[in-house]
Amino acid sequence: MTPPGTIRLLLVEDDEAHARLVQERLRDDPEIELVACCESLGEATRRVRDAGGDDFDAVLLDLGLPDSEGIATVRDFHAAAPRLPIVVLSGLRDVSHAIEAMRHGAQDYVVKTVGDGSLLVRSLR
């Protein structure tokens, strides 16, 4: 059973090495539990729909997936799970791209290569 106050996270990332890096960065934080990792937008939206929205408190969403690219990824995930907070995980360091992602439902935008994970944890909290 997940302790109260723990953020149950869905990671949507198709790059296995980067998914492992995210897992490593989050491993020691007792307030974040990585519940599932999906490699495509379709897999992630099915997982959320099948759970009825109750398995996750937030999603960490990569913008470059095999079945979706860019802002459309945020838009489509948000349409499928409008109440689930989205933190975008992107390789692009572009303010206009970040603003556009937030216009389409993201709560925050984190660049993959930045920092030691503390920014990622802060965004998820």
Side-chain angles (χ1 to χ4, degrees):
M1 174 138 179
T2 302
T6 300
I7 298 168
R8 297 166 301 158
L9 181 65
L10 170 62
L11 173 62
V12 185
E13 170 64 67
D14 66 319
D15 182 315
E16 186 179 325
H18 205 272
R20 278 195 313 269
L21 179 61
V22 169
Q23 290 170 342
E24 181 70 26
R25 287 180 173 172
L26 299 176
R27 180 182 50 170
D28 295 329
D29 192 305
E31 295 179 11
I32 299 174
E33 177 187 359
L34 183 58
V35 175
C37 184
C38 297
E39 295 182 358
S40 70
L41 182 62
E43 179 185 358
T45 56
R46 279 189 302 279
R47 181 80 188 250
V48 169
R49 284 183 185 146
D50 290 349
D54 294 334
D55 283 358
F56 308 105
D57 299 310
V59 62
L60 189 55
L61 182 66
D62 182 24
L63 293 184
L65 299 170
D67 59 347
S68 186
E69 188 70 34
I71 299 304
T73 306
V74 176
R75 183 192 64 230
D76 294 346
F77 188 88
H78 183 66
R83 288 191 259 174
L84 192 61
I86 300 168
V87 175
V88 168
L89 187 62
S90 176
L92 295 174
R93 178 176 271 161
D94 181 339
V95 174
S96 63
H97 206 71
I99 291 169
E100 191 66 17
M102 287 186 250
R103 282 189 185 135
H104 288 279
Q107 277 63 52
D108 206 351
Y109 185 98
V110 177
V111 178
K112 287 182 179 184
T113 58
V114 173
D116 61 359
S118 61
L119 178 61
L120 180 58
V121 169
R122 189 195 74 187
S123 291
L124 290 167
R125 286 187 184 141

If you apply the rule side-chain contact (heavy atoms from CB on, under 4.5 Å), what do you find for Leu92 with Leu63, and how did you get there?
CA-CA 9 Å; Leu92 295 174; Leu63 293 184; 5.8 Å; no
Which distance, rounded to the nearest 0.5 Å, do you find between the [atom1] of [X] and the [atom2] of [Y]?
X	Y	atom1	atom2	answer
Leu61	His78	CG	NE2	12.0 Å
Leu10	Phe56	CG	CZ	4.5 Å
Ile7	Ile32	CD1	CD1	5.0 Å
Leu84	Arg8	CG	CZ	9.5 Å
Thr45	Asp76	OG1	CG	8.5 Å
Glu33	Asp57	CD	CG	9.5 Å

Can you get from [X] to [Y] by hopping between Ile, Leu, Val, Met, Phe, Trp and Tyr side chains that sit under 4.5 Å apart?
X	Y	answer
Leu41	Val35	yes
Val110	Val121	yes
Leu21	Val59	no
Val87	Leu11	yes

N/O donor-acceptor pair under 3.5 Å between Gln107 side chain and Ile86 backbone
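Here the side-chain-to-backbone pair exists.
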Donor-acceptor pair, Asp108 side chain versus Ser123 backbone, under 3.5 Å?
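Flag not set: sc Asp108 to bb Ser123 has no pair under 3.5 Å.
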Would you call [X]-[Y] a salt bridge at under 4.0 Å N-O?
X	Y	value
Arg20	Glu16	yes
Arg125	Asp29	yes
Glu43	Arg46	no

Item checked: Minimum side-chain heavy-atom gap Asp15-Asp62 below 4.5 Å ->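 Contact flag for Asp15/Asp62 side chains = no.
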Heavy-atom pair with the smallest gap, counting every atom of [X] and [Y]:
X	Y	answer
Gly91	Val111	O-CG1, 4.4 Å
Ala106	Val88	CB-CG2, 3.6 Å
Thr6	Pro30	OG1-O, 3.9 Å
Arg49	Ala80	NH2-CB, 3.5 Å
Val74	Ala101	CG1-O, 3.6 Å
Arg47	Cys38	CB-SG, 4.3 Å

side-chain contact (heavy atoms from CB on, under 4.5 Å) assessment of Leu124 paired with Leu26:
CA-CA 10 Å; Leu124 290 167; Leu26 299 176; 4.1 Å; yes
Exercise for review: Just do the side-chain contact (heavy atoms from CB on, under 4.5 Å) check on Leu89 and His18 with the steps written out, would you?
Suggested key: CA-CA 10 Å; Leu89 187 62; His18 205 272; 3.9 Å; yes
